[in-house]
Amino acid sequence: MPQNSGATGVTAEEIRTRVRELAAAHDPATTDHVEFLGHRFDAGLAWVHFPVGCGGLGAPRALQQVAEQELAAAGAKPANVYRNPIGLGMGAPTVAVHGTEEQRSRLLRPLWTGEEVWCQLFSEPGAGSDLAGLATRAVRDGDDWIVNGQKVWTSFAHKARWAMLLARTDPDLPKHQGLTYFFLDMSLPGVEVRPLRQATGQAEFNEVFLTDVRIPDSMRADEVGKGWTVSNTTLMNERVAIGGGASPREGGVISPVAALWRSRPEVRTPALHDQVMKAWVEAEVARLANARIGQQLAAGKPGPEGSAAKISFARINQETTRLWLELSGEDGLTYDDWTMRRVDLGGSDGGRSAGYYYLRAKGNSIEGGTTEILRGVIADRVLELPREPRTDTKLPWKEIPR
Amino acid sequence: MPQNSGATGVTAEEIRTRVRELAAAHDPATTDHVEFLGHRFDAGLAWVHFPVGCGGLGAPRALQQVAEQELAAAGAKPANVYRNPIGLGMGAPTVAVHGTEEQRSRLLRPLWTGEEVWCQLFSEPGAGSDLAGLATRAVRDGDDWIVNGQKVWTSFAHKARWAMLLARTDPDLPKHQGLTYFFLDMSLPGVEVRPLRQATGQAEFNEVFLTDVRIPDSMRADEVGKGWTVSNTTLMNERVAIGGGASPREGGVISPVAALWRSRPEVRTPALHDQVMKAWVEAEVARLANARIGQQLAAGKPGPEGSAAKISFARINQETTRLWLELSGEDGLTYDDWTMRRVDLGGSDGGRSAGYYYLRAKGNSIEGGTTEILRGVIADRVLELPREPRTDTKLPWKEIPR
Amino acid sequence: MTDIPSLLYTDVEDDLRATLRGLLADRCPWSDVLARVDTDEPYDESLWKSVAEDLGLAGLLIPESLGGAGATAREAAVTLEELARAVAPIPYYPSAILATTALTASPASEARDNALPALAAGTAIATLTIPATTAPGAEFPASITGSLDANGQLHLTGAATTVLAADRADLLVVPVLIDGEPHLALVDATAPGLTRTRATTLDATRPVGTITLDGVPATAIADPTQAPAALAHALVTGAALLASEQLGVAERSLEETVTYLKTRHQFGRPIGSYQALRHRAADLWADIAAARATARYAAAALAEGSDDAPIAASLAQAYCSDVAVHAAEECVQMHGGIGFTWEHPAHLYLKRAMSLSLLQGTPTHHRAALGGLVNLPSA
Amino acid sequence: MTDIPSLLYTDVEDDLRATLRGLLADRCPWSDVLARVDTDEPYDESLWKSVAEDLGLAGLLIPESLGGAGATAREAAVTLEELARAVAPIPYYPSAILATTALTASPASEARDNALPALAAGTAIATLTIPATTAPGAEFPASITGSLDANGQLHLTGAATTVLAADRADLLVVPVLIDGEPHLALVDATAPGLTRTRATTLDATRPVGTITLDGVPATAIADPTQAPAALAHALVTGAALLASEQLGVAERSLEETVTYLKTRHQFGRPIGSYQALRHRAADLWADIAAARATARYAAAALAEGSDDAPIAASLAQAYCSDVAVHAAEECVQMHGGIGFTWEHPAHLYLKRAMSLSLLQGTPTHHRAALGGLVNLPSA
């Protein structure tokens, strides 16, 4: 966002003043939360580094922290991330950077207040790790685009009003060049959302079928053929800050395992002790590694360790939940419930049986970038190893074997 | 060997008769071993499936077993495999299949008797896994070939009179097509053998430097440009029959570890017990897997499990010797001797310190086909997975990046 | 130890496999297995009828004189391989392996000799009322006790948890303490005083449940001189043969994976052409080849009545358990997203493999037990 | 536990590293280290002089008042990282870490306060006479006993095996039992009655040997109220800081590997373009990043005098040991044949890493010890 360089000279004191004025005009204690968030947006205090009129003040990004603290001190609840995580985390920055004036003013405010939930329509059954190979077609028809295709691994699609859609507009170009990015109104005819049931029995994600959906060209983000660039803005904001802060010792999945070990001496055997200690060591090492990543970020030296952290997060969850099952003895044979139900990503899933966590952990090395892809990222970007030979980047997309 | 199809109708009884005649003419108890082996060769009892005149009778291969048993019963010692393993294992079949009449009569008899030891000059510093990429050049000059290059990982080179040499005769052809195979007299001028010291401190192998070595064309095996085909005959015979027979339980490197555990209770800890048992399980499983391979071979159904057996052999040796070091406590810090000395492959290396075996085991996953190459063999030949894209098979050799 | 029995499959075993595989391909596609998870009918009764009655496989381990096939653990092992490959939802293992071997190891008696022909015919299904996690070498269970009433009729009281096929069995083989002494008793599951529950299980194709006995009439079939050995034999047999189930699950997982690796394209080429995946698939194949030898050895040792059977059983469990879980885990991972969905069979293999690793002793347990069997004492 | 100290390197530490790395690149190439193995002079005395005297690094952990730098374990850790990267053949760890911390944890005394300035200046080299495999928490050694003669002079008798730098040390810090009570004593290695031998070691750059004492005169420097704690402090410090050596070896192994992967071609392309090797290298990098955080935490916990230091030390050993060995093993394997030759440095890293994993407690030992420290009791 070139316009947010902080050159406008907004100071922390001005932020504090604006918060005080906002709180004086709309008492956080008595104002409806959504309504208050709207006022906060209008005051430029949603994302202070966004441009004026887009919920921001064109202030330096670091001042967001000042706004949050001051608002919390004034008794204001923050935006509800659990209600609209994809919109807040990825939709907003994409709209702010690549959206037109009209798109920004239509989309950002209800996104911020949570009145309009967002989802992301990127992955397809045939395009997982190879996102740029996607097949959903958008064909120009007058002032509209007619879209057909199938998207998958879409969380929040059943609640979303808007989607970030990546579609192919020119199959004759090489794969990365023929893509265009749209903001899709999920209430349009031809959009069908079906829950996608997982190995755990429940559905955190959806499949989305797009059949002759007409998107007005006014809802295209950036230029035709620039979809890959726009999607990179979205994905750069996807990385959850795994290493954001210092979690407590025994804070993760080691916690129930350690608790079980301490509370049920009858399950203890010498060999299992070593396995529990291995899991404990892995968990504590990962905690320290994440803390170090957080310290690097805080010192303004972000490192590439995030990919490593995600790899180890998945591995530790998988190994430790398996150990949990073994320690569970007879209980390990049972499961709480296979009934299909929708569960929101990020929603609470506490209190389930060990088997649930074992199965769910299998997704950790697939979702949000497979472990294999992340290893490739480290090999490419950190170790700068030679790339594998590629045959798919220069061919017209339609000629790539699939 | 098309000529050994057994069509000559030699029977087991004839073999037995010939053995009796041989033993009657040359009493094994009193005849010098080398001399006896020479008579055995002349009687066609060296390799009964080889052609007549080449130490064989053109008999079915299965009758070799009859000859060996009958000779042993007559008190004759078998050929000394330890003295000339490469000659007996790989050289002889290569000469028999690809050699000229002249080469067979010159080479096979002293190879068999052990009077002339053989080695193999294939691998090069720049061509290990990628043998067909080798760079040693042979240039035609009248009736000779002038050879220049460097070979490596050559066991027995310092004792060998003959070598199987693979060299590049046409760098303008694709890599597999420009190779020619020679029988090299190691006593020729320009052949220099240097010991190759290993991580263990000792040298089981050699480097061989070839500088303007003149090989007469009469010592070329098969046609010019057919070297890759000939080398495959050699390599097919390289596979040591790991699964040849049933080794006893605790027969491998688990043996000293189990002995240490049994004899020194003070080293035992609960966690180490699980590690020892893991090693024991791996060893016993490998023993059974090898026995099954042997049973398949005996049933005439050779499977592709040999590659898997070699992978697990290396892994087990490596993991178990590491455990041995850990169990050794203070002794694990020490080493018996770093002094450089030559050791023959296959020679005894018993009674060394645990550290020696730990280091030596590191070679097991490299020598005779790396674990990585063997995994590729399984992926290609057993699982029939798609090959990796290759760029080196059709280019002229000289244009391949290296 | 140098004389290793044949670890190959005989022609008879190959034929058995082909017949059963054909039946299962036809009658037990994974989609049917999956659909059943959302129903209240965990067992495929019709498939049971075909396997047990039509093919006669329920009686493999029962002597011909009692209506069985008089076959050996080798054939039973092949049967379990195939059933596991198909994740078949039938109670073959608890009935035709566990309960049957407990019965055949008990002395002849009217009760036993009436039960076994029914089991052989598949018209009755039995189970052994012990927790499914019980390992060979476990102490004789003490959770059920028996006493004689005035008429000399034995009555059992107590409970057993996580009993395989608890909800389905017609006959129960019950380890029971009578006056503190170990016995086996046979119970008709419809007898008064018997209640049973079905738990929801990680492997929905293999339910367990609790059997509660409140003065249930029973017939003693093995006395203190016989019962511990009969139970031990059943547990060793069970553990040894589960390795063949593990082998079957592992094989099927790898096959599905390899098929997918050949067809799925990303970045313009089949993902099976990527070296990291090729190497992982090759390692799995190598592990499975070793697991096959080990599972075969366990079956052969049982078939021969070898003294080495307890070692072979623990060895097989110590090795094959992990191979099966690893193969199923890799099957999920190498399929990527689709492998994590309900509508793909990978999770069925994963749940079967993980559940198998907990049955009749975990690998960790069996390694520790092996230490005692091969004179490598614990610390 | 939520307050984690900085795990980053300070500017001072970065400067220290740069200086030392420059010196080692210049003065301690691996080819020199290797050549020394075939000689009878295991230590590079000239390098010691530069590191200890010129750079003043031998006194990092010694207070300024006693001639040292008054630095912390953080700087010592960076020093060890760099020395291990170079497989430097100098007795820094036994002298500047083990013996030094045993002395600084002992009360002020004439003997101690004469020794420490010499150690700080690098003019004397010391060691702690315990087996190099001794882990934190070990019982106080009983292999050496002391008694007073008629003049009140202490004399020591006994022996200690696999003592680091036994053949080189000028001063010995000796755990000794006097009348059955634990003490530390200081011994001049040239004193009468002292003999020492040097063993041939797996890591030829780090000799160990046996020290035999036969009535050797000594000076007590810590009494029973002080000696066990001083020894324990030295052992915790040693274990914690060895993790930084392990980190250094692992980093160097990976760097050598990555360089080779970029240049070595087989089948027409650099082997670093093969996915299986790329993934393995990436995993190593991830493991090393985690090891760095763990080693840094151990050093920081020592520097802060945190109660968590024993946990941090065992954690670091439990993790970093295996990372170092694995990285060195992969360095050999990914180099193929050349990595198994004497004329390539991979074996130097492998021997250092393997030897390090045995020093001051193996990973298996430290995991067991951690159980006691974090209330996860053994079975």
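Residue numbering restarts at 1 for every chain, and letters A, B, ... go by the order of the sequence lines.
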Report summary line: Bottom line for A286(B): the part with an atom under 4.5 Å from chain C's heavy atoms is neither
Requested in this report: Select, from I311(B), V276(B), V382(B), the one with the greatest count of heavy-atom pairs under 4.5 Å involving chain C.
Outcome: V382(B)
Report task. Looking only at non-hydrogen atoms, find the nearest pair between A379(B) and A282(C) and report the distance. Result -> N-CB, 4.3 Å
Report task. Taking atom CD of E139(C) as the centre, report whether more than 12 heavy atoms of other residues, nucleotides or ligands fall under 6.0 Å from it. Result -> no
Query raised in the report: Any donor-acceptor pair under 3.5 Å linking the side chain of Q295(B) with the backbone of L7(C)?
Result: yes
Query raised in the report: Does E282(B) reach the main-chain N or O of Y319(C) with its side chain, forming a donor-acceptor pair under 3.5 Å?
Result: no
**Report entry** R375(B) side chain near R278(C) side chain, heavy-atom distance below 4.5 Å
**Finding:** no
Query raised in the report: Do NZ/NE/NH1/NH2 and the carboxylate oxygens of D308(C) and R249(B) come within less than 4.0 Å?
Result: yes
Query - Top contributor to chain B contacts, counting heavy-atom pairs under 4.5 Å, from L261(C), V258(C), D283(C) - result: D283(C)
Report task. Show the numbers, then the answer: is there a side-chain contact (heavy atoms from CB on, under 4.5 Å) between E284(B) and L370(C)? Result -> CA-CA 12 Å; E284(B) 180 66 5; L370(C) 265 180; over 6 Å; no
Report summary line: From the list T269(B), T371(B), D274(B), L272(B), the residue making the most non-hydrogen contacts under 4.5 Å with chain C is D274(B)
Query raised in the report: Between K262(C) and L383(B), is there a donor-acceptor pair closer than 3.5 Å when you use the side chain of the first and the backbone of the second?
Result: yes
Report task. Taking the side chain as every heavy atom from C-beta outward, state whether L288(B) and L315(C) have any pair of such atoms under 4.5 Å apart. Result -> yes
Query raised in the report: Which atoms of I311(C) come close to chain B, meaning under 4.5 Å heavy atom to heavy atom: side chain ones, backbone ones, both, or neither?
Result: side chain
Query raised in the report: With a 4.5 Å limit on heavy-atom distance, are the side chains of R269(C) and P389(B) in contact?
Result: yes
Requested in this report: Would you mind checking which part of P265(B) comes under 4.5 Å of any heavy atom in chain C, side chain (CB onward), backbone (N, CA, C, O), both or neither?
Outcome: neither
Query - Best-contacting candidate, G272(C), G371(C), P270(C), against chain B by heavy atom pairs under 4.5 angstrom - result: G272(C)
Requested in this report: Might you point out which heavy atoms bring A379(C) and P270(B) nearest each other, and give the distance in Å?
Outcome: CB-N, 3.4 Å
Report task. Under 4.5 Å, counting heavy-atom pairs only, tell me which of R292(C), H279(C), Q275(C), E255(C) racks up the most with chain B. Result -> H279(C)
Query raised in the report: Sub-3.5 Å donor-acceptor pair from the side chain of W261(B) to the main-chain atoms of P377(C), do we have one?
Result: yes
Query raised in the report: Which bit of V285(B) comes within less than 4.5 Å of chain C, counting heavy atoms only: side chain, backbone, both or neither?
Result: both
**Report entry** For the student: nearest non-hydrogen atoms of M277(B) and R367(C), plus distance
**Finding:** CG-O, 3.4 Å
Report summary line: Honestly, the part of V281(B) sitting under 4.5 Å from a heavy atom of chain C is both
**Report entry** Under 3.5 Å donor-acceptor, H273(B) side chain and L376(C) backbone
**Finding:** yes
